[in-house]
Amino acid sequence: QVQLVESGGGSVQAGGSLRLSCGARGNDFSRNCMGWFRQAPGKGRDAVATLYIRTGSPSYTDSVKGRFTISLDYTKGTLLLQMDSLTPEDTAMYYCAADYLRGRDYCPLAEGLYGYWGQGTQVTVSS
């Protein structure tokens, strides 16, 4: 079992930055992939970025490449998402997710593969 708790959301003007954190508690062997997903009002939950824990290899959805950076503080087991050059289109509830995905050396940007989820943190970007 893994418990995930997000923090760091808030309101910012376009062009600004925020850093999200996800604290993980529980069995470290229950996850080799962690990631950030987001859900805008009236839309489905979409992938933002994922991280393969063993190698630190990231994957990003196209719309955030060059603006967002996912990383892991290995000493604390905290997943981070540095978000720069934010736009109103980034407004959403952001969720941290984790799971152990067998037979992979990268973490897919696919919501349905992740079984552990946090409660979410709201990010609002105004124009």
Side-chain angles (χ1 to χ4, degrees):
Q1 290 293 325
V2 178
Q3 294 178 323
L4 305 172
V5 179
E6 304 96 334
S7 62
S11 298
V12 65
Q13 288 190 326
S17 298
L18 285 172
R19 190 173 82 158
L20 305 183
S21 298
C22 173
R25 298 180 179 178
N27 187 350
D28 289 344
F29 296 101
S30 296
R31 60 188 188 275
N32 63 352
C33 283
M34 296 185 73
W36 291 97
F37 296 76
R38 64 187 179 186
Q39 186 169 20
K43 296 186 178 180
R45 191 157 54 185
D46 297 322
V48 175
T50 61
L51 190 77
Y52 184 56
I53 293 174
R54 188 175 69 84
T55 64
S57 176
S59 299
Y60 297 96
T61 193
D62 287 345
S63 64
V64 307
K65 286 180 180 177
R67 301 189 300 122
F68 291 11
T69 303
I70 189 171
S71 62
L72 182 68
D73 182 334
Y74 285 87
T75 62
K76 299 180 180 178
T78 300
L79 186 70
L80 305 172
L81 184 67
Q82 178 66 40
M83 304 187 295
D84 299 317
S85 301
L86 286 161
T87 74
E89 289 69 36
D90 296 314
T91 294
M93 184 71 79
Y94 283 69
Y95 297 92
C96 176
D99 213 319
Y100 188 88
L101 303 182
R102 297 182 183 277
R104 299 180 183 273
D105 57 4
Y106 75 100
C107 297
L109 295 165
E111 177 214 5
L113 297 179
Y114 296 82
Y116 300 105
W117 292 87
Q119 294 300 307
T121 186
Q122 179 68 37
V123 171
T124 303
V125 185
S126 58
S127 58

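Values below: every heavy atom of this structure, side chains too, minus hydrogens, waters and symmetry copies.
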For the residue pair Arg45 and Tyr95, would you count it as a cation-pi contact if the rule is NZ or CZ under 6.0 angstrom from the ring centre and within 45 degrees of the ring axis? yes
Do you know the tightest heavy-atom contact between [X] and [Y]?
X	Y	answer
Ala24	Leu4	CB-CD2, 3.8 Å
Leu80	Ser21	CD2-OG, 3.4 Å
Ala14	Pro88	CB-CD, 4.1 Å
Gly120	Met93	C-SD, 3.7 Å

Answer yes if [X] and [Y] sit in the same cluster of Ile, Leu, Val, Met, Phe, Trp and Tyr residues linked by side chain heavy atoms under 4.5 Å apart, and no otherwise.
X	Y	result
Leu101	Val2	no
Leu51	Leu18	yes
Leu20	Leu109	no
Phe37	Leu72	no

Minimum side-chain heavy-atom gap Tyr100-Cys33 below 4.5 Å: no
Would you check if the side chain of [X] reaches a backbone N or O of [Y] as a donor-acceptor pair within less than 3.5 Å?
X	Y	value
Asp84	Ser17	no
Glu6	Gln119	yes
Tyr74	Ile53	yes
Thr91	Val125	yes
Tyr60	Ile70	yes

